[in-house]
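In the text below, chain A, chain B and the rest are named by the order of the sequence lines, each starting its count at 1.
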Number of protein chains: 2
Amino acid sequence: MDTKSLIVDIATNLFQQKGYKGVGLNEILKECNITKGALYHHFPNGKEELLIACLQSMNESITASIEGIFRGYPTTLEASQAMLEKLVDDFDREGTITGYTFTSIVSEMASLSDSIRIACSLLYTNIQGIYSNKLEEDGFSKEKAYSTALMMTATIEGGIMLCLTQNTSDPLKMISSVLPNLLKK
Amino acid sequence: MDTKSLIVDIATNLFQQKGYKGVGLNEILKECNITKGALYHHFPNGKEELLIACLQSMNESITASIEGIFRGYPTTLEASQAMLEKLVDDFDREGTITGYTFTSIVSEMASLSDSIRIACSLLYTNIQGIYSNKLEEDGFSKEKAYSTALMMTATIEGGIMLCLTQNTSDPLKMISSVLPNLLKK
DNA sequence: GTCTATAATACGATAGAC
DNA sequence: GTCTATCGTATTATAGAC
């Protein structure tokens with residue numbers, strides 16, 4: 001594996017856990033076992049350039065992961081519940097949720113950097129698009145699919161926040177059990 | 001107004017906008033027009049003690065604000081839509097949402113400090129309690145009221161995140177319009 | 001492409017005068 | 001109760017050797 005990918009992988013993980021300002025370059029370098037010279041060779045504009053590379057990487061892997069799950073199930077309800085089950089398992093195993101969104105980065109940086117805000121926005125658009133397409137396959141009208149997909153995105157995102165805050169996966173479990181009501185035509 | 005309250009008020013605002021790590025002491029001091037000596041007199045344990053005071057202050061004012069709205073309307077639906085309308089207005093006017101939650105602090109600090117995580121958790125519990133009580137008044141069963149209140153909390157929280165990311169109040173408007181479905185018995 | 005060494009600045013926190 | 005001055009450390013970033 002090349003150094004640049006290694007940096008992006010490790011930094012991505014750290015940013016998701018502690019947010020952008022919560023991670024120093026030294027911490028990244030230490031986990032990568034490299035030095036400043038190497039990092040600034042691959043990312044001449046420093047930390048913010050690295051963050052944007054991480055956001056793109058997350059965007060691709062998260063979108064691919066959700067698409068994979070949604071291809072594997074016939075209906076939006078089944079796919080969504082499988083996805084939520086995965087999130088619950090992740091949380092119960094690791095005590096945190098990485099690989100679904102980057103809430104901590106959004107809320108921290110949305111007011112500070114426009115280019116980062118837009119990169120985050122793109123991810124939500126992609127996720128919502130996956131939901132929306134599947135709902136249309138289920139027979140929802142375009143409008144109803146759009147509003148339902150938005151509700152799903154917001155609910156799951158908020159549910160993750162509640163899990164992190166209460167330090168239990170119960171909120172996401174509850175959301176999964178209530179999902180059939182949300183997905184009624 | 002005394003200095004301690006002034007510090008809490010200004011710091012609260014800054015923390016909500018930029019997160020905990022995103023705000024330096026110097027920025028707070030400058031806006032307060034005081035110096036380090038004054039701040040450390042009122043908060044001997046420094047920044048983290050100040051944050052906890054801010055969280056308590058936010059908790060009280062947010063809870064009181066939502067309770068006020070919920071007292072003023074006969075049903076959960078009407079009260080919730082009034083609350084969402086207020087959030088939308090705030091966003092359209094100020095370009096950001098302060099005074100409903102502290103998402104940025106939660107997601108940033110949940111993994112780092114347990115005492116802060118718990119302080120954040122308390123706010124969500126309070127908000128959810130207000131929703132839940134009103135739903136029981138509406139005739140919901142205790143269980144149904146609980147799960148519906150959780151959905152409301154998650155959805156609105158996620159909706160705020162989407163607004164911040166997309167830099168538009170549309171997600172919260174859409175959530176408000178879909179709310180009647182969520183609040184069906 | 002990676003290293004070491006260093007710069008310049010910002011951070012949170014403390015001591016002591018008034 | 002508020003000030004000034006300072007400490008020690010962490011921050012991002014750069015220069016130059018190899």
Side-chain angles (χ1 to χ4, degrees), chain A residues 1-55 57 102 104-105 108-109 111-117 119, chain B residues 1-57 102 104-105 108-117 119:
Chain A
M1 190 187 215
D2 61 350
T3 304
K4 188 165 183 174
S5 310
L6 176 74
I7 298 172
V8 169
D9 269 29
I10 287 182
T12 295
N13 230 295
L14 289 171
F15 286 149
Q16 278 189 302
Q17 286 177 47
K18 309 188 186 181
Y20 178 66
K21 305 244 175 180
V23 183
L25 287 184
N26 289 322
E27 190 178 353
I28 297 171
L29 299 173
K30 198 178 167 192
E31 280 214 31
C32 290
N33 262 83
I34 56 166
T35 56
K36 298 240 158 100
L39 192 146
Y40 277 92
H41 170 75
H42 294 290
F43 302 96
N45 293 110
K47 198 183 176 187
E48 182 151 334
E49 186 183 352
L50 171 58
L51 173 61
I52 295 195
C54 290
L55 290 175
S57 158
F102 22 86
S104 55
I105 300 166
E108 185 186 356
M109 299 295 292
S111 66
L112 300 177
S113 161
D114 236 41
S115 61
I116 290 176
R117 183 185 63 73
Chain B
M1 189 185 214
D2 62 345
T3 306
K4 189 165 183 175
S5 309
L6 176 74
I7 298 173
V8 169
D9 269 29
I10 288 183
T12 296
N13 228 296
L14 289 171
F15 286 148
Q16 278 190 304
Q17 287 177 48
K18 308 189 185 180
Y20 179 65
K21 305 242 176 183
V23 182
L25 287 185
N26 289 322
E27 189 177 354
I28 297 171
L29 300 174
K30 198 177 166 192
E31 282 214 29
C32 291
N33 262 84
I34 57 167
T35 57
K36 296 235 160 105
L39 192 146
Y40 276 91
H41 171 76
H42 294 289
F43 302 95
N45 292 111
K47 197 183 177 189
E48 182 152 332
E49 188 184 350
L50 171 59
L51 173 61
I52 295 198
C54 290
L55 290 175
Q56 285 168 348
S57 158
F102 23 86
S104 55
I105 300 166
E108 184 186 0
M109 299 296 292
S111 66
L112 299 178
S113 162
D114 237 40
S115 61
I116 291 176
R117 183 186 60 73

How long is the straight-line distance from [atom2] of [Y] back to [atom1] of [X], given to the nearest 0.5 Å?
X: B/Leu51; Y: B/Gln56; atom1: CG; atom2: CD; result: 10.0 Å
X: B/Lys30; Y: B/Cys32; atom1: NZ; atom2: SG; result: 12.5 Å
X: B/Ile7; Y: B/Leu29; atom1: CD1; atom2: CG; result: 7.5 Å
X: B/Gln16; Y: B/Leu55; atom1: CD; atom2: CG; result: 9.5 Å
X: A/Ile10; Y: A/Glu27; atom1: CD1; atom2: CD; result: 10.5 Å

Could you list the donor-acceptor pairs under 3.5 angstrom formed between side-chain atoms of residues 40-49 of chain B and any protein atom two or more places apart in sequence or on another chain?
{"unit_1": "B/Lys47", "atom_1": "NZ", "unit_2": "B/Tyr20", "atom_2": "O", "d": "2.9"}
{"unit_1": "B/Lys47", "atom_1": "NZ", "unit_2": "B/Val23", "atom_2": "O", "d": "2.8"}
{"unit_1": "B/Glu49", "atom_1": "OE1", "unit_2": "B/Asn45", "atom_2": "N", "d": "2.7"}

Practice task
Please name the pair of heavy atoms, one in B/Ser104 and one in B/Glu108, separated by the smallest distance, quoted to 0.1 Å.
Solution key: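 Here B/Ser104 and B/Glu108 meet closest at O-CB, 3.1 Å.
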Any [X] side-chain heavy atom under 4.5 Å of [Y] side chain:
X: A/Lys21; Y: B/Lys18; answer: no
X: B/Lys36; Y: B/Asn26; answer: yes
X: A/Glu31; Y: A/Asn13; answer: no

Practice task
Answer yes or no: does a side-chain N or O of B/Asn26 lie under 4.0 Å from OP1 or OP2 of C/dG12?
Solution key: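 For C/dG12, OP1/OP2 do not have a side-chain N/O of B/Asn26 under 4.0 Å.
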Exercise for the section: Using a cut-off of strictly less than 4.0 Å between a heavy atom of the residue and any atom of DNA chain D, enumerate the qualifying residues of residues 3-17 of chain B by number. Expected result: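 Residues of residues 3-17 of chain B under 4.0 Å from DNA chain D: B/Thr3.
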Completion exercise
The correct set of residues in residues 27-43 of chain B placing a heavy atom under 4.0 Å from DNA chain D is B/Ile34, B/Thr35, B/Gly37, B/Ala38, B/His41, B/His42
Problem - Degree of bending in the helix from C/dG1-D/dC18 to C/dC18-D/dG1 once both end axes are built from five pairs, to 10° - result: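 Answer for the end axes of this duplex: 0°.
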Within this structure, what is the [atom1]-to-[atom2] distance between [X] and [N], rounded to whole angstrom?
X: A/Lys21; N: C/dG12; atom1: NZ; atom2: C1'; result: 15 Å
X: B/Leu51; N: C/dG12; atom1: CG; atom2: P; result: 12 Å
X: B/Lys47; N: C/dC11; atom1: NZ; atom2: P; result: 8 Å

Handout entry: Side-chain (B/Ser57) to main-chain (B/Ala53) donor-acceptor, under 3.5 angstrom
Key =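 A pair under 3.5 Å: no.
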Fill in the blank from the handout: Sorted by chain and residue number, the side chain to side chain contact (heavy atoms under 4.5 Å, CB included) partners of B/Ala11 (sequence neighbours excluded) come out as B/Phe15, B/Ile28, B/Leu50, B/Cys54
Practice task
Go through DNA chain D in 5' to 3' direction and return only the first and the last nucleotide with some atom under 4.0 Å of chain B's heavy atoms.
Solution key: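 So the outermost contacting nucleotides come out as D/dG1 to D/dT4.
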